[in-house]
Amino acid sequence: MGKTMPFGDHFYRSSDGELTLYARDYASSGPAVLLMHGLTRNSADFEGLASALGGQYRLIVPDQRGRGRSQWDADPARYRPDIYAQDMLALLDSLQIDRVAAIGTSMGGIIAMLMAATQRERLSALVLNDVGPEVSAEGLSRISSYVGETGPFASWAEAADACRRQNAVALPDYSDAQWLRFAQRLCTQRPDGTIAFAYDPAIAKPLANGESTDAPDLWPLWSALDALPILTVRGASSDILSAETARRMGAEHSGPFELAEIAGRGHAPMLDEPAATRAITGFLKKYAQSAHPAHA
């Protein structure tokens, strides 16, 4: 992984005008790319990929409402992908960006699909990281088992151990140092010195109620993405995106479709793996377009 890329802080109002939300803005004169994290993650999740893409693209990396530096929502029922998708459109509008390529990990990929289905002209291409129109019940059950357990932890070492317990199935080769860095991205230190995951525990409520990420059938949504260039990145041992679903995605998509399987990874690859970085870099070179296209 390269050095950490510098970025600017961007604060904006949510689509409903209720919250102040946050995004990292990695400046560049290149095409804009919107990177959206998974259920319990935040903008720091993409630091590795940002190091690989920085300078070539303008990277917009938000914290979804209830995560990171974005404000928590008083109504947990609003923690759901269709609301997040509207927030992302508000983010692009606040930056006066007309068109982006979108990269979404897990829940972020569902948000990206919703954006593409409802505001097709805003997206030039789509990268889905270990998610598709069909979600494995086994993987969803595993995620549900720990979402909402935010700490606190007495030390960074204790937080790193918690991250390892939750994510070792996806990242089996991580060292102690990598788990510590993982925890430092995913967690925050409170004023009393304790450590906690940087998200509102209430994001678990829609999941527990069978809402939010519980998407039993998104194949009709997939059909609405015809002709859009799509790259699907899949962890070879993923318990969320099956190999069969990934193959069906390619077979039922009429536009450009690429699939990259990442060895030694479950749900979800971090996208700093060499194979993932190569696939994304090559895909964006072909399909990412100007953030401000000329209008006829």
Side-chain angles (χ1 to χ4, degrees), residues 1 4 22 24 35-51 61-70 72 79 103-109 129-131 135-136 138-205 207-208 212-213 233-241 262-273 276-277:
M1 183 189 305
T4 302
Y22 169 81
R24 298 184 180 195
L35 296 87
M36 294 173 286
H37 60 73
L39 181 65
T40 64
R41 308 290 182 85
N42 57 63
S43 55
D45 218 37
F46 291 105
E47 286 180 352
L49 183 59
S51 294
V61 194
D63 291 339
Q64 300 296 341
R65 59 173 69 197
R67 285 86 164 172
R69 298 175 66 182
S70 286
W72 292 8
Y79 287 138
I103 300 175
T105 292
S106 193
M107 181 191 76
N129 182 22
D130 213 64
V131 70
V135 176
S136 165
E138 174 190 359
L140 192 60
S141 176
R142 177 180 59 80
I143 293 171
S144 299
S145 71
Y146 66 75
V147 174
E149 297 177 4
T150 58
F153 310 107
S155 66
W156 282 108
E158 190 176 315
D161 285 342
C163 290
R164 188 198 309 262
R165 287 193 301 273
Q166 294 179 4
N167 298 280
V169 65
L171 308 165
D173 58 352
Y174 261 33
S175 65
D176 290 345
Q178 286 173 302
W179 284 120
L180 178 60
R181 182 70 190 110
F182 188 101
Q184 290 168 340
R185 290 194 301 264
L186 193 57
C187 301
T188 187
Q189 189 163 27
R190 295 172 170 177
D192 64 0
T194 61
I195 315 297
F197 287 114
Y199 67 84
D200 181 359
I203 67 170
K205 291 185 179 180
L207 187 65
S212 188
T213 55
V233 178
R234 177 181 179 271
S237 59
S238 175
D239 61 356
I240 287 289
L241 178 62
I262 312 303
R265 289 290 180 265
H267 181 78
M270 293 299 296
L271 303 184
D272 58 0
E273 301 87 357
T277 300

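FYI, the numbering just counts along the sequence from 1.
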- Message: Given 3.5 Å as the limit, does a donor-acceptor pair link the side chain of S70 with the main chain of Y22, or not?
- Response: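 Checking the backbone N and O of Y22 against the side chain of S70, a donor-acceptor pair under 3.5 Å is found.
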
- Query: Does any N or O in the side chain of R67 come within less than 3.5 Å of the main-chain N or O of R65, such that one atom is a donor and the other an acceptor?
  - Reply: yes

Heavy atoms, side chains only, cut-off 4.5 Å: are [X] and [Y] in contact?
{"X": "W179", "Y": "R165", "answer": "no"}
{"X": "Q64", "Y": "I203", "answer": "no"}
{"X": "D239", "Y": "R142", "answer": "yes"}
{"X": "Y199", "Y": "N42", "answer": "no"}
{"X": "I103", "Y": "L49", "answer": "yes"}
{"X": "R265", "Y": "D173", "answer": "yes"}
{"X": "N167", "Y": "Y174", "answer": "no"}

- Of the non-hydrogen atoms in A183 and W156, which two are nearest, and what is the gap between them?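 That would be O-CZ3, 3.4 Å.
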
- side-chain hydrogen bond (donor to acceptor under 3.5 Å, both in side chains) with D176: which residues, sequence neighbours excluded?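 So D176 forms a side-chain hydrogen bond (donor to acceptor under 3.5 Å, both in side chains) with R164.
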
- Taking ring pair (Phe, Tyr, Trp, His ring centres under 6.0 Å) as the test, write out the residues that go with F46, two or more places apart. none

